[in-house]
Each structure stands twice: as structure tokens, then as C-alpha cells.
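Down below is the structure, laid out as C-alpha cells.
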Amino acid sequence: MLAGVVAAVVGFSSSFVVVLAGLAAVGATPAQAASGLVALCVAQALGMLWLALRHRTPVSLAWSTPGAALLVTTGAVQGGWPAAVGAFLVTGVLVLLTGLVPRLGDLVAAIPVSLARAMLAGVLLPLCVEPVLAVADAPLLVGPVVLTWLVLVRPAPRWAVPASLAVALVVVVVEAGERVATDDLLPSLALTAPSWSASAALGIALPLYVVTMASQNVPGVAVMATYGYRVPWRESMGVPGVGTLLAAPLGGHAVNLAAITAALTAGPSAGPDRDRRWHASVAAALTYLLLAVGAGALTALVAAAPDGVVQSAAGLALLGTLAAALGDALSDEHERLPAAGCLVVAASGVSVLGVGAAFWALLVGLVLRPLLRAGTTPGGRFPGARAGESTSDRT
């Protein structure tokens, strides 16, 4: 039970600022972003309760943190917040169909891992640069946040990000606490009627689906397998898909299988008896319901924060994910150039025809991949490379 509580607290505190930033970037007001955070907490809690009680396995759900980071770099789309909500609904439908139509899952699996991870790395890179820029601009405000993370990242890596975020919130209270209205501290729900646009579907829904599947759902199944649990694929896609559909009109962007925190509920920290570890998922679900009550207050604090303080905490939270994505994207020297092209397009934040950079990054990577791989020799050299000079050397 304690492992489940820790999993929920760590998962929530490590990334809720990324979720709020992502929802705000695509047009949500503070009230709508707070509503989305509440909806996500409740949707994933109810989904965890269903899966854990039905299958007696420690399945964990979470919101899509990489997906929220994607929203930050995507920015406003044509049609504004209603169009973003419509894209969230499309993402929920795609996740639901993945469980019902095996062929769709096969298509996602056919996307080269290097490109999917490069797209994610490009999305995360501008966010992870924020602590550097913020320290340069406001060292007295941001310095304690970064210093807290540096002090804890080695001896207590699980708590480094939550602690740095706690310091950031203290700074916010000291600097801007008087600007927070009492009414904003209460949780609330804001229903938004969705609208539909091709640019939102291509710029938000499709990249959000790919990032969520490649960075959350598929690794989530793998993490569970390492601890000897078989995840019911159809239902483990169907429940998050339905959760996303229910949360989207209230502002939630995506619900999915947990990847990192899944190790807390499924691993030895949840007890020596594997048959009883599902209690950890139940505890995590109940904790998320309690955390939903504080979503309004946290959103109000984040909205009142001085520039750079909360963004720095979010960048530190995503640094480990960025490192893992870069490692996966560039590990194969034959895939490096297409992956690098995909990464720089995603990091550019460019928008063409109203469609965000993530879509174009994946498209550029898919176009470059056969062209550049066709130019390599079995030894990994491009034509014209000197003997003993690898592709990476020439690059």
C-alpha cells in the first residue's frame, strides 16, 4: 500500500507542471487546465481500480507526460482550445482502436524506434533548456530549485524532482502568493465543446498518439513483463482509451499505461508476495483521487509563478527522459542521420500549414531514413568515405 502511495505522489509531483504547461500552450485558461488535471487524476484512478480489481495485477495508469511536453512545443492550433479538445478525443479513439484492431498496433510498432525517440527528444529539448536560461535570468529565484535537484539526484533520485518542485512552489508563495485568489484554490471542472480541424488532428492527435504509444504504453507493458506480469493488451488499451475520451471534454489530453512508476507498484518495493502487489495499484488509485482535490490550488500557484521558476522544475523533471530518448535515437549509427534530422525539426518548433513540428519531424525522418540508409554500405560507411572511416566519423 505504501508503494502505491509513493508511486502516485512521485508520478503526480514529478510532472503535473508539464501537464499544466502543455494544456496552457494549446489554449487552455488556468481554470480549464485545472479541470484537465482533475479529470486526468480521476480517469486514471478509476481505470487503475478497474484493472487491478478485475485482473489482480499491479497495472498502473498515468497521464502522458511526453504528450504534455509535445503540447508545449506545439502551441496554439487553428480553432484554439476547442480544436485541441477535439484532437484529444481523436487520440482517445486511436488508443481504443489499438486494443480492438491488432493491425493498428502493428502500424505503430512499424515506426522505427530511433525516429519515435528522436521526435520525443526534439520535443523535450527546448523544455530541458529552460533551467539554464532561467538561472541566467533570475539566479536568486531559480538557483534554489536547481540546487535542490543537484543535491538529491544522486542519493535520492526518486525524490529529486518532487523536492525541487516543492522548493519552486515555496518560491512562488513567497514571491506571488498574494496574487492567488481564494476561489481559485478549490477544484473545479470546465466542460468544453470540441471542434474538429485537420491541422489539430495532424499537429496534435497523431503525434500525441505516437508519443504516448511509443513512450508510455509499449514500455509500460515491457516493465510489467520484467516483473513476470502479463498485461491484458486489449483491455489495457481499451481502458486508457475510454479514460481519455471521458477526460478530454474536461481538458485531459491522454491517459495511458504507466512506464516509470509501474516499477514501484509491480516491483519488490510493493512487497515480496507477487500475488498481493495489486494492492499497490489500488492504493495509488485512491491517492490520485485525493491529489485531484488539490489540483485547483496547484494550478493557481503555477499560474501566479514568476517566469522561469516552474518551467525550470519541469525541465529538470524531463531531463532523464531526454537522456533516455537521445540514447535510443542515436544508438544505431546507421539510424543517426535520419534520427538527427527528425530531432532538429521537432526541436525547431516550426509550424507549417497550421500543423506543428512533431508531425513534420516524423515525416522528415521517414523520408530521410530510406534515402540515407540506401547510401550506406554493409560496413556502415557512406560512398566516398575513406577506409576505416565510419558513418559517425564522417558525420
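Hydrogens, waters and symmetry mates are skipped; everything else that's a heavy atom, side chains included, is used.
In this structure, the side chain of Arg336 engages the main chain of Leu330 through a donor-acceptor pair within 3.5 Å. No donor-acceptor pair closer than 3.5 Å links the side chain of Asn256 to the backbone N or O of Gln216. The backbone N or O of Ser15 lies less than 3.5 Å from no partner atom in the side chain of Thr65, so there is not a single donor-acceptor pair. Within the 3.5 Å criterion, the main-chain N or O of Ala200 finds a donor-acceptor partner in the side chain of Ser197. A donor-acceptor contact shorter than 3.5 Å links the side chain of Gln32 to the backbone of Thr29. Within the 3.5 Å criterion, the main-chain N or O of Pro338 finds no donor-acceptor partner in the side chain of Arg369. The closest donor-acceptor contact from the side chain of Arg276 to the backbone of Gly271 lies at 3.5 Å or more, if one exists at all. Checked by atom type and distance alone, the side chain of Ser164 never pairs as donor or acceptor with a backbone atom of Ala313 at under 3.5 Å. Using modelled atom types, no side-chain atom of Ser215 and backbone atom of Thr212 make a donor-acceptor pair closer than 3.5 Å. Under the 3.5 Å distance criterion, the side-chain polar atoms of Arg117 are left unmatched by any main-chain donor or acceptor of Asp328.
Nearest heavy atom pair, residue Ala201 against residue Pro207, reads O-CD, 4.5 Å. Considering all non-hydrogen atoms of both residues, Val38 and Ala295 come closest at CG2-CB, 3.5 Å. Pro82 approaches Ala193 most closely through the heavy-atom pair CB-O, 3.5 Å. Considering every non-hydrogen atom in both Leu264 and Ala270, the closest pair reads O-CB, 3.7 Å.
In terms of hydrophobic clustering, with Ile, Leu, Val, Met, Phe, Trp and Tyr side chains grouped at heavy-atom distances under 4.5 Å, Leu165 and Val153 are assigned to a common cluster. Cluster membership for Val101 and Trp233, using ILVMFWY side-chain heavy atoms within less than 4.5 angstrom, is shared. The hydrophobic clustering, which links ILVMFWY residues whose side-chain heavy atoms are closer than 4.5 Å, places Phe12 and Leu169 together.
Side-chain atoms of Ser60 and Thr265 form a donor-acceptor pair, as typed in the model, at a separation below 3.5 Å.
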Assess the residue pair Val93 and Thr244 against the criterion (side-chain contact (heavy atoms from CB on, under 4.5 Å)); give the C-alpha distance rounded to whole Å, side-chain angles, the decisive distance to 0.1 Å, and a yes or no.
CA-CA 8 Å; Val93 170; Thr244 301; over 6 Å; no

Between Thr57 and Val231, does the side-chain contact (heavy atoms from CB on, under 4.5 Å) criterion hold? Intermediate values first, please.
CA-CA 8 Å; Thr57 56; Val231 174; over 6 Å; no

Show the numbers, then the answer: is there a side-chain contact (heavy atoms from CB on, under 4.5 Å) between Val42 and Tyr288?
CA-CA 7 Å; Val42 173; Tyr288 269 113; over 6 Å; no

I would like to know whether Met237 and Leu96 meet side-chain contact (heavy atoms from CB on, under 4.5 Å); could you show each step before the answer?
CA-CA 6 Å; Met237 292 297 100; Leu96 182 60; over 6 Å; no

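By the 6.0 Å and 45° rule, Arg274 stacks over the aromatic ring of Tyr229.
Looking at Leu366 and Pro112, their side chains come closer than 4.5 Å, going by heavy atoms from C-beta outward. Residues Leu343 and Leu326 form a side-chain contact, since some pair of their non-hydrogen atoms from C-beta on lies under 4.5 Å apart.
Within a 6.0 Å sphere centred on CH2 of Trp50, other residues, nucleotides and ligands contribute 12 heavy atoms or fewer. With a 6.0 Å radius and a threshold of 12 heavy atoms from other residues, nucleotides or ligands, Arg234 has its CZ atom at or below the threshold.
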